[in-house]
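See below for the structure under consideration.
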Amino acid sequence: MTTPTDQDLTQALREQLAEAVNARHAVSIHGSGSHGFMLGDFAEPHRLELAGHRGILDYQPTELTLKARAGTPLRVLREALAEGGQRLATDFPALSEDATLGGALAIGQTGSARPFHGAIRDAVLGVTLLGADGEVLRFGGQVMKNVAGYDVSRLLCGSRGSLGVMLDITLKVMPLPETSITLAFERDENSALRDMNHLAGQPLPLSAAIWLDGRLMLRLEGSAAGVEAAAQELLGERDGQRLEPAEADALWTGINRFSHPFFDGDTPLWRVIVPPATPKLELEAGHRVLTDWCGGLRWLRADALSEADFAHVRNAGGYIESFRGGRRITPAELMTALQRKLHRRVKKAFDPLNIFNPALSKFDD
Amino acid sequence: MSFDPATGEFDYPEWELQPVLADLEPLIGADNLLHRPSELIPYECDGLSAYRKTPKLVALPETVAQCQALVRYCREHDIPLIARGAGTGLAGGVLPVEQAIVMSLARFNRIRRIDPLQRIAVVEPGVRNLAVTEAAAEHGLYYAPDPSSQIACSIGGNVAENSGGVHSLKYGLTVNNVQGLKIIDGDGELLEIGGGECLDAPGYDLLALMHGSEGLLGVIVEITLKLTPKPQAAQVLLAAFDDLADAGRAVRDIISSGIIPAGLEMMDRLAIQAAEDFVHADYPLAEALLLCELDGSEAEIAAQMARVREILEHCNAHSVRVSRDDAERALLWAGRKAAFPAVGRISPDYYCMDGTIPRHALPEVLQRISRFSERYGLRVANVFHAGDGNLHPLILYDANLDGDLEKAEAFGSDILELCVDMGGTITGEHGVGVEKLGPMCHQFHGHELAQFYRIKAELDPAGILNPGKAIPSLHRCAELGAMHVHHGQLPHPELERF
């Protein structure tokens with residue numbers, strides 16, 4: 001449950017953490033709970049609740065930066081930014097209306113704009129961290145360029161709450177585009193993959209390129225003049241159509257908030273990362289695919305993937321993660337022994353007592 | 001122990017040249033080891049030439065296996081090892097420390113491959129920054145980060161320093177343009193981090209951790225770079241102001257109008273004068289100049305340029321000029337790009353600072369810098385990456401005058417502390433090296449430094465990789481009296497403070 005008022009829970013969180021450290025029991029860090037299925041049986045009985053630790057601490061549109069507490073819902077950030085004529089620098093996925101900034105960063109996955117506007121970690125400028133020893137540590141800052149000290153802020157992105165508690169985060173933000181146009185072209189999967197990668201090498205204001213149900217869809221965003229010129233050029237060279245703005249909105253919101261019918265139902269959802277120009281995946285398992293990230297991310301719906309399917313993706317230079325349902329695949333399984341060694345050491349450098357989300361940061365051989 | 005993770009202190013035993021040479025010759029090859037005094041001179045400093053020290057030995061390995069052998073040898077023998085690229089850094093990041101071996105990666109200068117369809121280049125660390133852009137040009141692609149030293153600086157060094165450039169507001173820093181690395185860790189093991197051809201990787205973002213770590217956490221031996229489509233066109237606008245505050249307002253208004261310029265640069269009167277005397281770019285003499293570059297399609301540039309002109313007029317700009325072709329664009333940029341050497345002509349020495357501030361603080365920071373300038377009796381020229389708040393004050397001094405260097409350093413230190421106090425940072429893109437170890441104590445308190453030591457101790461357990469750079473020891477901060485006391489507790493009460 002979230003409370004409507006902004007509040008600073010730093011002191012309470014420090015006390016709860018101190019208790020956990022004294023009792024040597026592990027904790028999991030909990031935002032809105034929208035990714036709870038990722039923890040499954042691994043959820044620790046003791047939780048640090050961050051959803052109440054919320055509020056925008058600093059937002060000056062002319063600085064292109066926004067600082068907010070980790071429990072602030074992304075929805076609240078979007079609304080505040082829109083008032084300033086701005087938005088988040090890339091697509092932050094959200095699984096629920098209450099999905100928090102800290103949760104999005106801890107999961108570290110980026111939506112459709114990834115190949116064009118960068119990963120969410122690229123938008124992070126600074127983080128205040130509650131470390132395992134109960135100290136409040138500040139890394140990075142509120143400015144665009146900063147190379148003082150190791151880049152701990154970005155290291156924390158995608159660390160799944162296993163290195164410490166992010167208390168607040170400073171983000172780089174960007175102006176709202178004047179125009180957004182989505183074009184759709186009938187294509188089979190392989191020609192769509194060739195097309196989208198070819199176009200990504202052209203100077204076009206692309207902000208997303210996906211393939212779904214026989215259609216290649218391109219999102220163009222930026223200045224009205226630039227986007228219109230690009231749309232006309234693309235439609236002049238190829239048979240295609242403009243999506244109505246409402247339809248386009250529904251498409252991109254659906255994909256980046258997992259509300260698109262593709263994500264409906266109980267069939268396991270797999271997240272497949274491959275080099276973007278990898279051709280259509282030839283899998284033994286019956287499946288449906290949504291190709292995002294200009295080919296670099298293939299969402300799969302499939303009941304069970306075979307060993308040959310995993311090998312096929314590995315041979316293409318990629319890997320398969322379980323996102324929801326299906327056989328659980330830990331990051332450690334996807335690493336070499338040396339990579340696991342480095343991960344164990346990073347974990348130890350931040351959390352030597354293994355207090356934070358230990359089940360999500362096991363890198364044993 | 002050579003590196004003490006509790007305090008950040010280090011100490012290494014002395015070694016004799018001959019036995020070490022005899023050990024290393026079979027591993028690296030006699031021709032790849034430099035030890036005669038004349039051969040060692042080029043390795044005694046980087047771009048911060050006020051600090052020099054001759055290393056005992058320089059290795060120029062030719063293979064990754066030789067690099068690994070050298071890391072392992074140094075680990076076993078407790079010898080500090082400094083990996084070095086082109087040596088263009090401005091913070092003393094590759095200054096030899098006592099007992100160190102310098103490992104130059106100059107021979108790793110091949111572009112392994114360019115994949116135009118997936119928009120990546122796989123390169124060795126000694127490849128020059130500009131060489132990537134040149135090699136990618138035939139595909140309509142380029143490598144976006146463009147530090148001013150891009151003709152000479154190497155990609156490996158760019159990663160180690162997380163280099164920026166004049167286009168970083170729109171196109172990002174090095175960390176935003178690298179997809180994968182091959183590194184040798186402190187144990188001498190070779191491993192891949194980041195996604196490489198992929199846009200994601202399982203586990204922690206070690207790629208981010210390596211960027212800007214100044215060679216303390218690993219040796220970079222291969223880099224997968226993201227390439228960017230070359231914009232259809234680019235145009236630059238120059239405007240003059242009689243009041244610095246007006247120029248600051250213009251920067252603010254351009255950004256809040258929703259335009260992200262490819263480059264947005266400001267110069268103050270002394271920098272303008274020096275540049276004009278040097279390259280004759282036909283800059284108007286004024287209190288401030290603004291250069292605003294827009295890129296994209298012709299239609300987009302035309303629309304945005306009209307908007308920028310309107311904003312500038314509102315902010316009392318005069319002498320507005322817009323480049324009509326690439327030749328004129330190059331000329332308008334020439335003065336800005338020559339600003340550092342131009343200042344070098346009007347003063348025997350200058351000291352280049354690199355703080356970042358929130359943009360809104362600019363007028364106040366410039367006023368305070370001008371007061372410092374009076375107090376120290378040293379002139380200062382300011383060039384400013386206005387788009388991202390990165391300020392480069394150039395402090396003019398004469399090293400031959402007794403005490404002038406010390407005055408310049410104290411002046412610089414005051415500027416950096418001011419940047420931190422205004423909510424900024426002591427280094428935007430040049431790195432800490434040995435130069436800013438003191439100001440680091442102002443930016444970070446003891447617990448944060450301790451976290452940095454723990455990272456170092458885990459990734460380089462023997463503590464041999466580029467010790468004495470980037471992160472100050474607790475002792476150093478205590479001596480400077482700059483230690484931040486947090487909740488009334490010093491992190492290491494056992495240490496003496498003076």
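In the text below, chain A, chain B and the rest are named by the order of the sequence lines, each starting its count at 1. Please read all numbers here as calculations on a predicted model, not as lab measurements.
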For each of [options], tally heavy-atom pairs with chain A at distances under 4.5 Å, and name the one with the top tally.
{"options": "B/Ile455, B/Asp295, B/Asn162, B/Val432", "result": "B/Ile455"}
{"options": "B/Ile426, B/Asp388, B/Ile471", "result": "B/Asp388"}
{"options": "B/Leu216, B/Leu227, B/Asp253", "result": "B/Leu216"}
{"options": "B/Ser256, B/Gly258, B/Gly212", "result": "B/Gly258"}
{"options": "B/His211, B/Gln304, B/Glu192", "result": "B/Glu192"}
{"options": "B/Asp187, B/Asn177, B/Leu141", "result": "B/Asp187"}

Check: A/Phe363 ring centroid to B/Tyr204 ring centroid under 6.0 Å: yes

What I'd like to find out is whether the side chain of [X] reaches to under 4.5 Å of the side chain of [Y], using heavy atoms alone.
{"X": "B/Arg454", "Y": "A/Phe350", "answer": "no"}
{"X": "B/Arg119", "Y": "A/Cys294", "answer": "yes"}
{"X": "A/Leu342", "Y": "B/Asp185", "answer": "yes"}

Region of [X] that comes under 4.5 Å of a non-hydrogen atom in chain A:
{"X": "B/Leu173", "result": "side chain"}
{"X": "B/His385", "result": "side chain"}
{"X": "B/Leu190", "result": "backbone"}
{"X": "B/Leu199", "result": "both"}
{"X": "B/Glu429", "result": "both"}
{"X": "B/Arg252", "result": "both"}
{"X": "B/Leu217", "result": "side chain"}
{"X": "B/Pro358", "result": "both"}

Can you tell me how far [atom2] of [Y] sits from [atom1] of [X], rounded to the nearest 0.5 angstrom?
{"X": "B/Leu294", "Y": "A/Ser223", "atom1": "CG", "atom2": "OG", "answer": "10.0 Å"}
{"X": "B/Glu300", "Y": "A/Glu178", "atom1": "CD", "atom2": "CD", "answer": "8.5 Å"}
{"X": "A/Leu155", "Y": "B/Leu209", "atom1": "CG", "atom2": "CG", "answer": "5.0 Å"}
{"X": "A/Lys348", "Y": "B/Leu459", "atom1": "NZ", "atom2": "CG", "answer": "11.5 Å"}

Residues, nucleotides or ligands: over 12 heavy atoms within 6.0 Å of B/Lys230 NZ: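 At most 12 heavy atoms, drawn from other residues, nucleotides or ligands, come within 6.0 Å of this atom.
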
Heavy-atom distances under 4.5 Å only: say whether [X] touches chain B with side chain, backbone, both or neither.
{"X": "A/Pro177", "answer": "neither"}
{"X": "A/Lys347", "answer": "both"}
{"X": "A/Arg271", "answer": "side chain"}
{"X": "A/Arg340", "answer": "neither"}
{"X": "A/Val152", "answer": "side chain"}

Passing candidate, side-chain hydrogen bond (donor to acceptor under 3.5 Å, both in side chains) with A/Lys145, options B/Thr356, B/Thr427, B/Thr425, B/Asn390: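 The side-chain hydrogen bond (donor to acceptor under 3.5 Å, both in side chains) with A/Lys145 is passed solely by B/Asn390 among B/Thr356, B/Thr427, B/Thr425, B/Asn390.
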
Parallel, tilted or perpendicular, as decided by the 30° and 60° cut-offs, for the rings of B/Phe452 and A/Tyr150: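 Judged by the thresholds at 30° and 60°, the geometry between A/Tyr150 and B/Phe452 is perpendicular.
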
Side chain to side chain contact (heavy atoms under 4.5 Å, CB included) assessment of B/Arg359 paired with A/Leu64: CA-CA 10 Å; B/Arg359 272 182 295 265; A/Leu64 295 176; 3.8 Å; yes

Highest number of heavy-atom pairs under 4.5 Å with chain B: which of [options]?
{"options": "A/Ala148, A/Gly226, A/Gly296, A/Ala225", "result": "A/Ala148"}
{"options": "A/Pro276, A/Gly141, A/Ala332, A/Cys157", "result": "A/Pro276"}
{"options": "A/Asp151, A/Asp122, A/Asn146", "result": "A/Asn146"}
{"options": "A/Gly295, A/Pro352, A/Ala230, A/Pro203", "result": "A/Pro203"}
{"options": "A/Pro331, A/Ala200, A/Pro61, A/Ser159", "result": "A/Ala200"}
{"options": "A/Glu333, A/Gln142, A/Gln202", "result": "A/Gln202"}

For a quick test of reading the model, state the closest non-hydrogen atom pair linking [X] to [Y] and the distance between them.
{"X": "A/Val147", "Y": "B/Gly431", "answer": "CG2-N, 3.5 Å"}
{"X": "A/Gly318", "Y": "B/Cys198", "answer": "CA-SG, 4.2 Å"}
{"X": "B/Pro461", "Y": "A/Arg345", "answer": "CG-NH1, 3.6 Å"}
{"X": "A/Ala277", "Y": "B/Gln118", "answer": "N-OE1, 2.8 Å"}

Worked verdict on A/Val346 versus B/Glu458 for side chain to side chain contact (heavy atoms under 4.5 Å, CB included): CA-CA 7 Å; A/Val346 169; B/Glu458 286 296 329; over 6 Å; no

When you measure from the side chain of [X] to the backbone of [Y], do you find a donor-acceptor pair of N or O atoms at a distance under 3.5 Å?
{"X": "A/Arg121", "Y": "B/Asp205", "result": "no"}
{"X": "B/Glu448", "Y": "A/Arg138", "result": "yes"}
{"X": "A/Glu63", "Y": "B/His360", "result": "yes"}

Pair A/Lys341-B/Glu189, side chain to side chain contact (heavy atoms under 4.5 Å, CB included): steps then yes or no: CA-CA 11 Å; A/Lys341 176 193 80 173; B/Glu189 310 265 27; 3.6 Å; yes

Chi angles and distances behind the side chain to side chain contact (heavy atoms under 4.5 Å, CB included) call for B/His445, A/Leu137: CA-CA 8 Å; B/His445 65 58; A/Leu137 312 172; 4.1 Å; yes

